[in-house]
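Read the structure below first, then the notes.
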Amino acid sequence: MAARRTAIVFGANTEVGKTLCSAALIKAGLRRFGRAAYLKPLQTGVDDDHAGDAALVKRYAAAGLGRCDTLHAWRAYASPHVAARQEGGQIPSDAELARAVSGWMRAGDEPFGVVETAGGCLSPTATGRPQADAYAGLDVPALLVGDARLGGISCSLCAWEALVRRGFDVRSIIFVGDDAALGNAEAVRAVTGLGDGVLSTVAPPPLPEPLGGWLSETAECFDAVCASVL
Ligand SMILES: C[C@@H]1NC(=O)N[C@@H]1CCCCCC(=O)O
């Protein structure tokens, strides 16, 4: 079976808005194709209060979301290699992880899919090696969620360079934050040469949820991101 069109979402750091952007991209995929799928290959910090990012995406994306999966989840709020070591059990090799993601891309009949990585793009897999290395052979377009906080210019540029160096086709960079204050997108644009429409900033959603308003307000931006990763 042919693989569904899939985008991989990387972060410049943890807590930069990858899950929000993944949900918004899923929504864009639903507007375009009617059905979409989501995968979180590695998830840490799952407990009674947090069922994991797949559960959040399921709630945000609502109707139309097809497969919504997590491959490996650990309870510790830690890097996957630390959580996996602490909690025992079999540690998937990076090759097994990549094969499982690749298999997921071929399973099911949704025409569009989003794979959300954990933490920053060089944050470890369960083996302790960078995720970007594990996923480099998948040959899927990438969305980088930049870090909109103070200090985020450097780690966004480092992430972009790390992805490009590994052969990723980074089609879009999105910042979730108030760029007028810090100028992160502007500084990243100056170095990467990526222009408007490819590199954008969206305001953070009002929290706590619901996110319906934010998902509608950012729809145009994520329609463009979706088009960029097809
Ligand atoms: C805890 C969070 N849960 C999750 O699934 N992703 C985050 C993991 C962040 C790992 C950061 C490792 C590092 O780069 O230092």
Side-chain angles (χ1 to χ4, degrees), residues 7-26 37-61 67-94 96-98 100-101 104 113-136 138 142-163 165-166 168 170 173-177 184 204-205 207 209:
I8 188 161
V9 176
F10 284 106
N13 204 341
T14 192
E15 299 292 333
V16 292
K18 282 193 314 296
T19 304
L20 283 171
C21 290
S22 298
L25 185 53
I26 288 275
Y38 169 89
L39 177 67
K40 180 91 177 179
L42 302 175
Q43 173 77 63
T44 62
V46 174
D47 59 23
D48 298 340
D49 295 329
H50 181 51
D53 294 340
L56 289 177
V57 167
K58 198 169 214 160
R59 193 160 79 223
Y60 299 156
R67 294 173 70 98
C68 183
D69 300 316
T70 303
L71 293 181
H72 302 280
W74 296 274
R75 291 183 68 83
Y77 187 77
S79 173
H81 75 296
V82 172
R85 207 162 51 207
Q86 274 175 11
E87 290 170 34
Q90 211 227 327
I91 293 182
S93 73
D94 290 357
E96 284 165 343
L97 177 67
V101 175
W104 180 88
V114 171
V115 174
E116 182 188 346
T117 59
C121 65
L122 298 186
S123 292
T125 65
T127 68
R129 302 289 308 157
Q131 282 171 92
D133 284 343
Y135 301 135
L138 290 175
L143 162 64
L144 173 61
V145 181
D147 187 335
R149 300 169 293 197
L150 181 62
I153 294 170
S154 179
C155 59
S156 301
L157 286 171
C158 288
W160 180 73
E161 286 196 9
L163 292 171
R165 182 167 169 263
R166 285 165 174 78
F168 283 97
V170 183
I173 305 182
I174 295 275
F175 288 88
V176 182
N184 290 19
L207 290 173
E209 300 168 29

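Counting starts at 1 for both ligands and their atoms, in listed order. Computed from heavy atoms alone, side chains included, the values below leave out hydrogens, waters and symmetry copies. The first residue in the sequence is number 1, and the count goes up from there.
Scanning both residues, G11 and T117, for their nearest heavy atoms gives N-OG1, 4.2 Å. Considering every non-hydrogen atom in both N13 and K18, the closest pair reads O-NZ, 4.1 Å.
Here the heavy atom of the protein found nearest to atom 13 (C) of ligand 1 is S123 OG, 3.4 Å. The single protein non-hydrogen atom nearest to atom 7 (C) of ligand 1 is T14 OG1, 3.6 Å, given as residue, atom name and distance. Protein heavy atom at the shortest distance from atom 4 (C) of ligand 1 is T44 OG1, 3.3 Å. Taking atom 10 (C) of ligand 1 as the reference point, the nearest protein heavy-atom neighbour is S79 CA, 3.9 Å.
In this pair, Y135 and F10 present their aromatic rings tilted. The plane angle is within the 30 to 60° band.
Note that atom 15 (O) of ligand 1 has no protein non-hydrogen atoms nearby, at separations under 4.0 angstrom.
Annotation for ligand 1: atoms under 4.0 Å from non-hydrogen atoms of Y77 are 1 (C).
Between Q43 and ligand 1, at least one N/O pair is under 3.5 Å apart.
With contacts defined as side-chain heavy-atom distances shorter than 4.5 Å, the pair R166/D133 qualifies.
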Pair Q86-W74, side chain to side chain contact (heavy atoms under 4.5 Å, CB included): steps then yes or no: CA-CA 9 Å; Q86 274 175 11; W74 296 274; over 6 Å; no
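D94 pairs by the side-chain contact (heavy atoms from CB on, under 4.5 Å) definition with T125, T127, R129, A134, not counting sequence neighbours.
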